[in-house]
Amino acid sequence: MHIGPEEADQPPSMSSHDAAPPAAPSRNPCCLCWCCCCGCSCATPSPEEVRSWAQSFDKLMHSPAGRSVFREFLRTEYSEENMLFWLACEELKAEANQHVVDEKARLIYEDYVSILSPKEVSLDSRVREGINKKMQEPSAHTFDDAQLQIYTLMHRDSYPRFLSSPTYRALLFQGSSQSSNEA
């Protein structure tokens, strides 16, 4: 799939032909990739998959292993809440039951948007005001503008640092050693 410049800042959409959306984080995730309690696998990514993460932020975010490693990196930068917020929004968008939407929207607001939250994400005042209005009647898309803003922030700010981080370099090296050992 080719991503043009106009789509580069768009969060990956989870259409029906894509894999199921990632499990959104529980309020107390048990591990970095939510394995053991969510049913995902903890398989080590292939060297090709690790290299693909450098091709585009979209490829990183479409990869469960990539999201997990990137989340670990964000934790070291004290900005893990950005990934948690993005994942929570993805889960909300997949919800059809209005009562569940109301509850999830309230939790997302309390956890990531409220200025009283220790996990508050950085949103501009226009987006924050829009959310405050939409919270009167929450929908599965209440946080779309905020999610895009956080996605763009991670893409432009954290992603370039991730690609030059020891975490990512170690995975690349591990993949290179693995490939040369198999040859």
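Since the structure is predicted, the reported quantities are computational estimates derived from the model, not experimental observations.
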From CA spacing to verdict: side chain to side chain contact (heavy atoms under 4.5 Å, CB included), Val69, Tyr168: CA-CA 8 Å; Val69 172; Tyr168 182 67; 5.8 Å; no
Contact summary for Ser158 and Phe73, nearest pair of heavy atoms: O-CE2, 3.5 Å
Can you name the nearest heavy-atom pair linking Ala140 to Leu92, along with the distance? CB-O, 3.5 Å
Using a 4.5 Å cut-off on heavy atoms from C-beta on, say whether the side chain of [Y] contacts that of [X].
X	Y	result
Glu90	Lys93	yes
Thr167	Phe70	no
Met154	Met61	yes
Leu87	Arg67	yes
Leu74	Phe162	no

Residues which pass side chain to side chain contact (heavy atoms under 4.5 Å, CB included) with Leu123, listed by chain and number, not counting sequence neighbours: Val113, Val121, Val127, Arg128, Ile131, Ala146, Gln149, Ile150
With Ala170 via side chain to side chain contact (heavy atoms under 4.5 Å, CB included) - residues at least two apart: none
When rounded to the nearest 0.5 angstrom, what distance separates [atom1] in [X] from [atom2] in [Y]?
X	Y	atom1	atom2	value
Phe143	Trp86	CZ	CH2	15.5 Å
Glu95	Gln98	CD	CD	9.5 Å
Arg71	Ser79	CZ	OG	12.0 Å
Ile108	Cys89	CD1	SG	5.0 Å
Tyr159	Asp58	OH	CG	9.5 Å

Salt bridge (charged side-chain N to carboxylate O under 4.0 Å, His left out) involving [X] - partner list, sequence neighbours excluded:
X	value
Asp157	Arg161
Glu81	none
Arg106	Glu103, Glu110

Would you mind checking if Arg126 and Glu129 are paired as a salt bridge, meaning a charged N to carboxylate O distance below 4.0 Å? no
Test side chain to side chain contact (heavy atoms under 4.5 Å, CB included) on Lys133 and Thr142; report intermediate values, then the result. CA-CA 9 Å; Lys133 288 177 186 170; Thr142 295; over 6 Å; no
Could you go through the side chain to side chain contact (heavy atoms under 4.5 Å, CB included) check for Ser139 and Lys134 one step at a time? CA-CA 8 Å; Ser139 77; Lys134 292 175 185 175; over 6 Å; no
So, using ring-ring contact (aromatic ring centres under 6.0 Å, His included) as the criterion, who are the partners of Tyr109 when residues are at least two apart? none
Stepwise side chain to side chain contact (heavy atoms under 4.5 Å, CB included) test for Asn82 and Tyr151: CA-CA 8 Å; Asn82 292 331; Tyr151 180 88; over 6 Å; no
If only side-chain N and O atoms count, and only distance matters, is there a donor-acceptor pair under 3.5 Å linking His141 with Asp144? yes
Between Glu49 and Ser63: side-chain donor-acceptor atoms closer than 3.5 Å: yes
